[in-house]
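Remarks on the structure that follows.
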There are 2 protein chains.
Amino acid sequence: MTSPEIRSRIVETADGLYNAKGIQAVGMDELRAAAHVSLKRLYQEFPSKSSIVMAVLERRHRSWAAGLDAQVRAAGSPRARLLAIFDYLAHWFGEDSFRGCGFINSFAELGAMSPEVAEYARKHKESFQEYVGDLAEAAGAPPYLAPQLSILAEGAQTTAAIAGSSEAAGQARRAAEVLIDAALREGIRGAA
Amino acid sequence: MTSPEIRSRIVETADGLYNAKGIQAVGMDELRAAAHVSLKRLYQEFPSKSSIVMAVLERRHRSWAAGLDAQVRAAGSPRARLLAIFDYLAHWFGEDSFRGCGFINSFAELGAMSPEVAEYARKHKESFQEYVGDLAEAAGAPPYLAPQLSILAEGAQTTAAIAGSSEAAGQARRAAEVLIDAALREGIRGAA
DNA sequence: TTGAATTGAGAACGAACGTTCTCTATATTG
DNA sequence: CAATATAGAGAACGTTCGTTCTCAATTCAA
C-alpha cells in the first residue's frame, strides 16, 4: 500500500467521520481504527490533526466543486445552468449523510480559534460566489444577481441541515427563478 | 447576590465566551473566572456544562426574537415589516461581536452528538419561519413567500459570518424586495 | 542468512477537560 | 457567644485527547 493510497484513505475516512460527528468529537484513535492504519503511520503521513482537517477541507472543496460543475454543465441554457445549482443542492440534501455544509460547520466549530480553517472556509465560499458570478454573467444578468443566488444557496444549506429536510432546495429554486427573471428583465432593459 | 442574579450573570458571560470562541473551546474554569463566581457556585446553579449551554441557547433565542420584533414593529406597512427583517440583520452583522448565528454554530458544533442542542436549533429556526409566515400573511402574500425570505435570511447570516462582512444583509434585502413584489402581484392576482 | 531498517500494536505521556472534594474562613442563628 | 451551616479557593480525580515512545515482528539488502 503506497503512501498516496494510505493518505487518501485517511482523508476520506476522516471526511466521513468529521461530517457525521463533528471534528472535535472524533479523536485520532477513532480515525486510526476506522481507516485501518497504525497510529505511527497516521503521524507519518500527517504531522498533526489540524493538517488532516485541512486536507479534509481541500477534499471537500474539490469534490463539491466538481459535483456542482457536472450538474451545471448538464444543463442547456444559461438560465438552466443557474437553476442547476439548486438541483445539485436538492440531490445533495437527499443523501443520508447530509449534515450541512462542511465549511459552515468547520467554520462554526473551529473558525474562531483557527485562522487557517476560517480562511479556507472564506475562500471556499468566495470561489462559489465567483462561479455563480460567471454563470450569471454568461446569462447576461446584472452583477447583483450572483450574490443574491449565492445567499439563497447558503440559506438552503443551513435550513436543510437544521430542519433535517430537503425541501429548502425546491423553495430556494423557485425563489431563484423569480430573481433570475427579474434580473434578466433589468439586464436586457439596461443593455438596450 | 441572589441566585437569579448569579445565574443570569453566568449565562450572559457564557453567551459571550461561547460566541467568541466556540462552546467546546471554553472550559468551565475559564467561565468561572470570567463570571467571577466560584466553581462551587457554578455547579450549585447549573448541574452541568450542557445545562449552561441550553440556558445560553434560551437566552439567545429570547434576545434575538425580541430584537427582531422591535425592529419589525417600528416599520409602517406590512411590506416594510417584511423588509425590516433584513434591516435587523444589517444592524446585527455590524456588531463587533458578530460571529454568525449562534444556533447554526451550536448545531454545527454539537448537533451531531447532542439531540437536545439539535432539537433546540430546529425549534428556533422553526419559530423564525413561523414569525416570517405571520408577517407574510399579514401582507397578503401567498404561503410560498415566507420560506423564501427565511432562506434568504439564513443565507445572509452564514455569508456575513464567513466573509466577515455585513454586505450580505443589503444584498439579501434587495433580493427580498424582488421576491415580495413578485409574490404580492401573484397573491393579488390569485385573490382577484 | 544475517544485519539493518521499517512497521504495527499499543503503552505511555503531558495537558486539558468536566466534575467533585477538602479545607478554611465567613455568615447565620438560637 | 457558641454552634452550625454556607461560601470561596483551588486541589484532586477520572477521563479523554493529541502526540510520542517502546518493543517485538517483519521486511529488505547484501
Side-chain angles (χ1 to χ4, degrees), chain A residues 1-57 105-106 108-117 120, chain B residues 1-57 105-106 108-117 120:
Chain A
M1 187 79 60
T2 93
S3 169
E5 285 171 328
I6 295 260
R7 283 180 72 89
S8 72
R9 195 173 69 211
I10 290 171
V11 174
E12 184 183 336
T13 307
D15 194 357
L17 287 174
Y18 292 169
N19 178 69
K21 310 175 79 173
I23 294 171
Q24 311 201 69
V26 177
M28 293 298 268
D29 199 65
E30 181 176 356
L31 172 58
R32 173 204 61 76
H36 300 107
V37 289
S38 69
L39 217 43
K40 181 167 209 159
R41 195 64 184 262
L42 234 186
Y43 278 93
Q44 198 167 302
E45 300 290 342
F46 297 94
S48 64
K49 178 172 181 178
S50 64
S51 72
I52 298 180
V53 170
M54 294 310 293
V56 166
L57 293 185
N105 290 350
S106 59
E109 204 175 344
L110 303 171
M113 305 305 281
S114 163
E116 56 179 356
V117 167
Y120 201 93
Chain B
M1 187 80 61
T2 93
S3 169
E5 284 171 330
I6 295 262
R7 284 179 71 88
S8 72
R9 195 174 67 211
I10 290 170
V11 174
E12 183 182 336
T13 307
D15 195 355
L17 288 174
Y18 291 169
N19 177 69
K21 310 174 80 174
I23 295 171
Q24 310 201 73
V26 177
M28 293 298 268
D29 199 63
E30 182 176 356
L31 173 57
R32 175 203 60 76
H36 300 106
V37 290
S38 68
L39 216 44
K40 181 166 209 160
R41 196 64 185 265
L42 233 186
Y43 278 95
Q44 198 168 300
E45 300 291 341
F46 297 95
S48 64
K49 179 173 180 176
S50 64
S51 71
I52 298 179
V53 171
M54 294 309 294
V56 166
L57 293 184
N105 290 350
S106 59
E109 204 175 342
L110 302 171
M113 306 305 280
S114 162
E116 56 180 356
V117 167
Y120 201 92

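To find a chain, count down the sequence lines: A is the first, B the second, and so on, and within it residues start at 1.
- What separates CD of B/Gln44 from C1' of D/dG8 is a distance of 11 Å, to the nearest Å.
- Atom pair B/Glu45:CD and D/dT6:C1' shows a separation of 14 Å (rounding to whole Å applied).
- The residue from B/Asp15, B/Leu42, B/Val56 that alone fulfils the side chain to side chain contact (heavy atoms under 4.5 Å, CB included) condition with B/Ile10 is B/Leu42.
- If you take NZ of A/Lys40 and C1' of D/dT26, they are 13 Å apart, rounded to a whole angstrom.
- Note that CG of B/Leu110 is 10.0 Å distant from CD of B/Glu116, once rounded to the nearest 0.5 Å.
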I'd like a list of close polar pairs between nucleotides 11-16 of chain C and the protein, N/O only, cut-off under 3.5 Å.
none

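- Here C/dG10 presents its P atom at 15 Å from CG of A/Leu42, a figure rounded to the nearest Å.
- The two residues A/Ser106 and A/Leu57 make their nearest non-hydrogen contact at OG-CD2, 3.6 Å.
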Identify all pairs in which a protein N or O lies below 3.5 Å from an N or O of nucleotides 14-18 of chain D, and state each distance.
unit_1 : atom_1 : unit_2  : atom_2 : d
D/dG18 : OP1    : A/Lys49 : NZ     : 2.5
D/dG18 : OP2    : A/Met28 : N      : 2.7

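- Inter-residue side-chain proximity for A/Met28 and A/Ile52 is flagged as met; some heavy-atom pair is nearer than 4.5 Å.
- Shortest non-hydrogen contact noted between B/Glu30 and B/Val26 is OE1-CA, 3.9 Å.
- A salt bridge between A/Arg41 and A/Glu45 is present, with a side-chain N of the basic residue lying under 4.0 Å from a carboxylate O of the acidic one.
- Atom CD1 of B/Ile6 is separated from atom C1' of D/dG8 by 11 Å (rounded to the nearest Å).
- Summarising the geometry, the separation between CZ on A/Arg32 and P on C/dT7 is reported as 17 Å, rounded to the nearest angstrom.
- For the pair A/Arg32 (side chain) and A/Gly27 (backbone), a donor-acceptor distance under 3.5 Å is absent.
- By the side-chain hydrogen bond (donor to acceptor under 3.5 Å, both in side chains) test, A/Asn19 pairs with no residue at all, sequence neighbours left out.
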